[in-house]
Amino acid sequence: MPVGQIVKAISGFYYVRSTEGTELQCRARGIFKFSKKKITPLVGDFVEYEATGLDEGVVTSIRPRHSELLRPAIANVDQAVVVCSLREPDFQQMPVDRFLVHGEREGLDMVLCLTKWDLLEDERVIEKVRQIYEPAGYPVIVTSVKTKQGLDELRSYLTDRISVFAGQSGVGKSSLLNEILPERVLETGKVSEKLGRGRHTTRQVELIPLPQGGQVADTPGFSQLSFQGFESDELGSYFPEIRERSSLCKFRGCLHINEPQCEVKAALEREGIHLERYQNYCQFLNEIKDQQRRY
């Protein structure tokens, strides 16, 4: 039975790209609805399918996934490019850290891409972002679609990989993809001056092939990622700078809050861990505990 990849899903139809590069519009066979595992096909899934017409078919089974994201809903991604703007809207660390945590949980390589460099008046903002994220092991790419700065560096990270582009609305995801894929113009939206955030211009997840090899996924913007299903003692492992020090804590399962002889707290005092990253860790930990109490 032939194998292809789901590259787009709209209103119950799955668009499967075959190994020859052709696309079929497929429905999912009813076994998915009645399966005990309740697996729903996702964009990025490698699937077996049967052709029922010239450009039509039916998905019969899903191959095992090596990664899965819920929001955006996509499977088999290698890398996440977290896009955030320097201006209009201003850089916001909280949503960046939320997505990094979820990406770390799925074992993805993470890249931070800053946009709208040409609008920035104070270059110290870039230096601050680098000081926060580069010591934690995250590459930081600074870009401008207007001046074309940083775009070649971004392309080098995308080559031969399946990457998801994600970030809040209005940060410039679609504008970046328009530069990387000049033959495919994606709708872009303006940022609301009143709210300081953009309109959603991407309405579904879609995998787009790159000229130099690899694929990228344009995804709907997100405003918040919850921590439902997380356990308190696992959160620290999704902050690389906390993970590498936690084994030196006196107590196994240390949450790095009030425990004695905590190496994470000691590193914080030495400024080996950035204060704002630690503060976000504490906020996320409180959210997890609140959810556990409610359920």
Is the backbone of [Y] close enough, under 3.5 Å, to the side chain of [X] for a donor and an acceptor to pair up by distance?
X	Y	result
Thr115	Val171	yes
Glu106	Glu68	yes
Asp122	Arg124	yes
Arg245	Glu241	yes
Thr60	Glu48	yes
Arg87	Lys116	no
Ser67	Val77	yes
His256	Cys254	yes
Asn76	Gly44	yes
Glu127	Glu123	no

All N/O donor-acceptor pairs, side-chain side in residues 263-270, below 3.5 Å, sequence neighbours left out:
residue	atom	partner	partner atom	Å
Glu263	OE2	Arg270	NH2	2.9
Lys265	NZ	Ile257	O	2.9

In terms of the angle between their ring planes, are [X] and [Y] parallel, tilted or perpendicular, with boundaries placed at 30° and 60°?
X	Y	result
Phe230	Tyr238	perpendicular
Tyr133	Phe91	perpendicular
Phe227	His102	parallel

Can you name the residues that form a side-chain contact (heavy atoms from CB on, under 4.5 Å) with Thr159, not counting sequence neighbours? Gln212
Between [X] and [Y], is any pair of side-chain heavy atoms under 4.5 Å apart?
X	Y	value
Leu154	Ile180	yes
Ser163	Tyr157	no
Leu69	Val164	yes
His66	Asp78	yes
Asn280	Met94	yes
Pro260	Phe251	yes
Pro2	Thr19	no
Leu24	Asp55	no

From the list Arg277, Gln279, Gln92, side chain to side chain donor-acceptor pair (under 3.5 Å) partner of Asp97 resolves to Arg277
Residue from Gln25, Glu23, Lys8 passing side chain to side chain donor-acceptor pair (under 3.5 Å) with Tyr15: Gln25
Which heavy atom in [X] sits nearest to a heavy atom in [Y], and how many Å separate them?
X	Y	value
Ser232	Lys289	OG-CG, 3.7 Å
Cys113	Leu176	SG-CD1, 3.8 Å
Gly170	Pro89	O-CD, 3.7 Å
Val59	Cys26	CG2-CB, 3.9 Å
Ala217	Ile74	CB-CD1, 3.4 Å
Pro211	Leu181	CD-CD2, 3.9 Å

Looking at Leu54, I'd like to know if its CG atom is crowded, meaning that more than 12 non-hydrogen atoms belonging to other residues, nucleotides or ligands lie closer than 6.0 Å. no
When rounded to the nearest 0.5 angstrom, what is the spacing between [atom1] in [X] and [atom2] in [Y]?
X	Y	atom1	atom2	answer
Leu255	Leu285	CG	CG	5.5 Å
Ile6	Tyr14	CD1	OH	6.5 Å
Leu158	Glu153	CG	CD	11.0 Å
Gln79	Ile162	CD	CD1	11.0 Å
Glu179	Ser144	CD	OG	9.0 Å
Leu114	Thr143	CG	OG1	7.0 Å

Tell me whether [Y] is reachable from [X] by hopping between hydrophobic residues (I, L, V, M, F, W, Y) whose side-chain heavy atoms are closer than 4.5 Å.
X	Y	answer
Leu151	Val83	yes
Met110	Ile242	no
Val96	Tyr281	no
Val140	Leu108	yes
Phe239	Val129	no

Any donor-acceptor pair under 3.5 Å linking the side-chain atoms of Glu20 with those of Ser18? yes
Any side-chain donor-acceptor pair under 3.5 Å between Ser226 and Gln228? no
Dump the intermediate steps for side-chain contact (heavy atoms from CB on, under 4.5 Å) on Val142 and Leu120, then the final yes or no. CA-CA 11 Å; Val142 187; Leu120 189 64; over 6 Å; no
Decide, yes or no, whether a salt bridge links Glu259 with Lys250 under the criterion of side-chain N to carboxylate O below 4.0 Å. no
Quick one, Val43 with Glu206, criterion side-chain contact (heavy atoms from CB on, under 4.5 Å). Give me CA distance, side-chain angles, the key distance, then yes/no. CA-CA 7 Å; Val43 171; Glu206 180 177 2; over 6 Å; no
Check whether Phe13 forms a cation-pi arrangement with Arg27 (NZ or CZ under 6.0 Å from the six-membered ring centre, at most 45° off the ring normal). yes
Start with the C-alpha distance between Val101 and Leu235, add both sets of side-chain angles, then the distance that settles side-chain contact (heavy atoms from CB on, under 4.5 Å), and finish with yes or no. CA-CA 8 Å; Val101 165; Leu235 179 63; 4.0 Å; yes
